[in-house]
> 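Okay, here's the structure, questions in a sec.
Throughout, numbering of the chain's residues begins at 1 and tracks the sequence.
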Amino acid sequence: MDDTRTPDGAPRLGFIGAGRLGTALAWSFARRGCTVVAVASRSAASARRLADGIAGCTVSGAQAVVDAADLVFVTTPDDALAPVTAALRWRRGAAAVHCSGASELAVLSPAADAGAAVGGFHPLQSFAETQASIASLPGCTITIEAGEPLRAALVALAGALGCHVNLLPPGARALYHAAAGYASQFVNVLLREASTAWQHWGASEEQALRALLPLARGTLASIERVGVARGLPGPASRGDVGSIEKHVAVLGSLDGEMLRLYRELCARSVVLALERGGIDAATAAKLRSALG
């Protein structure tokens, strides 16, 4: 990165892409005192909305963003990262940074070939609604991949947002992104499975979630306090073979696929129960036998 900075030495930021992620990041940076100079987007209305929320930010074409900023966040959909980057003229000393969890830095290779620094800056957070996303950013983790000196600049930007930093080595992005799914969208799947079971006695999904979400929050609070294994609740954690036998019988009578998923998850919970010290090897064997 070059020395064409704001008077306080911070990089001037630009955004190509003004969707939910780009807007939440740009507004968050601006509110923390960072300089966001320009935005471009396929949607003129989205670009205007982003710029209207930041004093001094202009709406321009993508090339004008690259020309005006020291560090450009390319916050387009993943499939557009490579063609958008390839269509622009990059310069030595500038930086191109994507915010994708799964895409390797190779999608930014046209910028790197022109001498620009390239990196990844992925907030481990959902971006369903802009204001809620801004409120949830402080305290979350941002995964960063870049060489120096860009890495140091991105770490500083994460710090400005009040975020923790996870440094990722090259080639690990697909595994990292898949791992995040277990704590994100797979939670939705598990709650849908539980809600479906509730519907068998006439309860609605809304009623199920009203009952189950406090239960889920309690489990998360325990995990936060004592860790994954020690925070494990449920029959496997205490060696309750009889309850698991009843679960297997009723789920098998309702839905074979639901039973298959239950067996997989419960078998993994037996491993955690052993690690927790709540059961011994003989009880673990009984639990596995009950799972069939």
> Starting at CG of L154, measure out to OG1 of T143 and round the result to the nearest 0.5 Å.
12.0 Å
> Measure across G22 and T75 and return the closest heavy-atom pair with its distance rounded to 0.1 Å.
CA-OG1, 3.7 Å
> Measure from the side-chain N and O atoms of T23 to the backbone N and O of R20, and report whether any donor-acceptor pair falls under 3.5 Å.
no
> Answer yes or no: does atom CZ of R31 have more than 12 heavy-atom neighbours from other residues, nucleotides or ligands under 6.0 Å?
yes
> Where the side chain of S43 meets the backbone of S46, is there a donor-acceptor pair that is under 3.5 Å apart?
yes
> Under a 3.5 Å distance rule, please check whether S133 uses its side chain to pair with a backbone N or O of E129 as donor and acceptor.
yes
> Kindly say whether D240 contributes a backbone atom to a donor-acceptor pair with the side chain of S243 at under 3.5 angstrom?
no
> What are the two closest heavy atoms between R12 and A68, and how far apart are they?
CZ-O, 3.3 Å
> Take H177 and H122 through the side chain to side chain contact (heavy atoms under 4.5 Å, CB included) test and state the conclusion after the steps.
CA-CA 10 Å; H177 200 244; H122 179 250; 4.3 Å; yes
> Find the distance between CZ (R173) and CG (L175) and round it off to the nearest 0.5 Å.
12.0 Å
> Within the side chain of Q63, is there an N or O that forms a donor-acceptor pair under 3.5 Å with the backbone of D67?
no
> Does CD belonging to E148 count more than 12 external heavy atoms closer than 6.0 Å?
yes
> Please report the shortest heavy-atom distance between L124 and A180, naming the atom on each side.
CD1-CB, 3.8 Å
> Between R230 and L232, is there a side-chain heavy-atom distance shorter than 4.5 Å?
no
> Quick check: does any side chain N or O of Q199 sit under 3.5 Å from a backbone N or O of G202, one acting as donor and the other as acceptor?
no
> Spell out, as yes or no, whether a donor-acceptor pair under 3.5 Å connects the side chain of R238 to the backbone of G234.
yes
> Heavy atoms only: give me the nearest L25-C99 pair and the separation to one decimal.
CD1-SG, 3.7 Å
> Under the 3.5 angstrom rule, does the side chain of S204 hit a backbone N or O of Q207 as a donor-acceptor pair?
yes
> So do T141 and N166 actually touch side chain to side chain, heavy atoms under 4.5 Å?
yes
> In this structure, which one of T76, D79, D78 forms a side-chain hydrogen bond (donor to acceptor under 3.5 Å, both in side chains) with S100?
D78
> Is there a donor-acceptor pair under 3.5 Å between the side chain of W90 and the backbone N or O of T85?
yes
> For the atom pair CG (L108) and CG (L81), what is the distance rounded to the nearest 0.5 Å?
6.5 Å
> Ion pair present between R192 and E205, side-chain N to carboxylate O less than 4.0 angstrom?
yes
> Starting from the C-alpha separation in whole Å, work towards a yes-or-no answer on side chain to side chain contact (heavy atoms under 4.5 Å, CB included) for C140 and H164.
CA-CA 6 Å; C140 83; H164 304 289; over 6 Å; no
> Is there a side chain to side chain contact (heavy atoms under 4.5 Å, CB included) between V241 and L287 once you walk through the steps?
CA-CA 5 Å; V241 176; L287 290 170; 3.8 Å; yes
> For residues L272 and L291: do they belong to one hydrophobic cluster (side chain heavy atoms under 4.5 Å, members Ile, Leu, Val, Met, Phe, Trp, Tyr)?
no
> The test is side chain to side chain contact (heavy atoms under 4.5 Å, CB included); show your working for V59 and L50 and say whether it passes.
CA-CA 9 Å; V59 175; L50 187 156; over 6 Å; no
> Rounded to the nearest 0.5 Å, what separation is found between the NE2 atom of H247 and the CD atom of E245?
11.0 Å
> Check whether any side-chain N or O of T58 sits under 3.5 Å from a backbone N or O of A38 as a donor-acceptor pair, and report yes or no.
no
> What distance separates C34 SG from L71 CG, expressed to the nearest 0.5 Å?
10.5 Å
> Applying a strict under-4.5 Å side-chain criterion to I, L, V, M, F, W and Y, I'd like to know whether V118 and V65 cluster together.
yes
> Can you tell me if CD on Q185 sees more than 12 non-hydrogen neighbours from other groups inside 6.0 Å?
yes
> State, yes or no, whether a side-chain contact exists between V107 and H98 at a heavy-atom distance under 4.5 Å.
yes
> Within the 4.5 Å heavy-atom criterion, are I244 and C266 side-chain neighbours or not?
yes
> With the side chain counted from C-beta on, respond yes when V39 and S60 share a heavy-atom pair under 4.5 Å apart, and no when they do not.
no
> Do F29 and V72 sit in one hydrophobic cluster, given that two such residues count as connected whenever their side-chain heavy atoms are within less than 4.5 Å of each other, even indirectly?
no
> Is I142 reachable from Y176 through a run of I, L, V, M, F, W or Y residues, each pair having side-chain heavy atoms under 4.5 Å apart?
no
> Provide the closest heavy-atom pair for L137 versus S28 in the form atom of the first, atom of the second, distance.
CD1-OG, 3.4 Å
> Taking the side chain as every heavy atom from C-beta outward, state whether L167 and V155 have any atom pair closer than 4.5 Å.
yes
> I need the I134 CD1 to Q125 CD distance, nearest 0.5 Å.
12.0 Å
> Group every Ile, Leu, Val, Met, Phe, Trp and Tyr by side-chain heavy-atom contacts under 4.5 Å, then state whether F73 and L105 land in the same group.
no
> Please report the shortest heavy-atom distance between V248 and A290, naming the atom on each side.
CG2-O, 3.7 Å
> Report the hydrophobic cluster partners of L191, with the cluster defined as I, L, V, M, F, W, Y residues connected by side-chain heavy atoms closer than 4.5 angstrom, directly or transitively.
V187, W198, W201, L209, L212, L213, L215
> Of the options V37, T35, L157, D70, which is the one that meets L13 in a side-chain contact (heavy atoms from CB on, under 4.5 Å)?
L157
> For residues L259 and R263, determine if any side-chain heavy atom of one lies less than 4.5 Å from a side-chain heavy atom of the other.
yes
> Considering only heavy atoms from C-beta outward, does the side chain of V74 approach that of V84 to under 4.5 Å?
yes
